[in-house]
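Notes for the one structure printed next.
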Amino acid sequence: QLQLVESGGGQAQPGGSLRLSCAVSGFTLDYYAIGWFRRAPGKEREGVSCISGSDEASAYADSVKGRFTISVDNAKNTVYLQMNSLKPEDTAVYYCAATGRPTINMCFTSWWYKHWGQGTQVTVST
């Protein structure tokens, strides 16, 4: 059974860092792309970043470019999202999602992803 489990969320101060993990089971990342999305209170879901499990090509939303880094560890079947220089506007529930095509061409298109994790809360405040 295909499953994604996020972890690593929590509270951070502005300028701080958090690392989110997305542990996957039931499939190997080599044949999938993984995306990170977030939903802030009162806002629509927003694509943050994605990575191809086959060639590790990645993409970032403009709002996080230069601050967030996505990476994949195929041996651990885990995708990470390193978040640095956090801002209050990064506060949201973060979700990872998987699609069975290892391409980032549809990186920020939520319907492209067929499997979703349960989400992890990230709160950035003083």
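Side-chain N or O atoms of E6 include one that pairs as donor or acceptor with a backbone N or O of G119 at under 3.5 Å. At least one donor-acceptor pair under 3.5 Å links the side chain of Y113 to the backbone N or O of C107.
Distance OH/Y95 to CD/E46: 13.5 Å, rounded to 0.5 Å. Rounding to the nearest 0.5 angstrom, the gap separating the CG atom in L29 from the NZ atom in K76 is 13.0 Å. The distance from the CD1 atom of I51 to the CD1 atom of I104 is 8.5 Å, given to the nearest 0.5 Å. Between the CD atom in Q121 and the CD atom in Q11 there is a gap of 9.5 Å [rounded to 0.5 Å]. For the atom pair CG of L86 and OG of S125, the computed distance is 11.0 Å after rounding to the nearest 0.5 Å. If you take OG1 on T120 and CG on L81, they are separated by 11.0 Å, rounding to the nearest 0.5 Å.
Note on F68: it does not cluster hydrophobically with Y80, by side-chain heavy-atom contacts below 4.5 Å among ILVMFWY residues. Cluster membership for V124 and V48, using ILVMFWY side-chain heavy atoms within less than 4.5 angstrom, is shared.
Within the 4.5 Å cutoff, the side chain of M106 has heavy atoms near those of the W111 side chain. V79 places a side-chain heavy atom less than 4.5 Å from the side chain of I70. Using a 4.5 Å heavy-atom threshold, the side chains of P14 and T126 count as touching. Contact of the W36 side chain with the C96 side chain is registered, since non-hydrogen atoms from C-beta on lie closer than 4.5 Å. Between Y32 and V72, the closest side-chain pair of non-hydrogen atoms is not below 4.5 Å.
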Stepwise side-chain contact (heavy atoms from CB on, under 4.5 Å) test for L20 and R38:
CA-CA 12 Å; L20 305 184; R38 67 186 181 186; over 6 Å; no
Could you please spell out the steps behind the side-chain contact (heavy atoms from CB on, under 4.5 Å) verdict for R67 and M83?
CA-CA 6 Å; R67 301 188 297 121; M83 307 187 297; over 6 Å; no
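In the model, S54 has a side-chain atom that pairs as donor or acceptor with a side-chain atom of S52 under 3.5 Å. In this model, no donor atom of one side chain and acceptor atom of the other lie less than 3.5 Å apart for S63 and E89.
One finds no salt bridge joining K87 and D90 here, because no Lys/Arg side-chain nitrogen approaches an Asp/Glu carboxylate oxygen to under 4.0 Å.
Between T99 and W112, the shortest heavy-atom contact is OG1-O, 3.0 Å. What you find for Y60 and S58 is that their closest heavy atoms are CE1-OG, 3.8 Å. Between F27 and A98 the shortest heavy-atom distance is CZ-CB, 3.9 Å. Of all the heavy atoms in C22 and I34, the pair that sits closest is SG-CG2, 4.5 Å. In terms of heavy atoms, T91 sits closest to P41 at O-CD, 4.4 Å. Nearest approach of Q118 to V5, heavy atoms of both residues: OE1-CA, 3.8 Å.
In the displayed structure, R45 atom CZ is contacted under 6.0 Å by more than 12 heavy atoms of other residues, nucleotides or ligands.
Side-chain rings of F37 and W116 approach one another, their centers coming within less than 6.0 Å.
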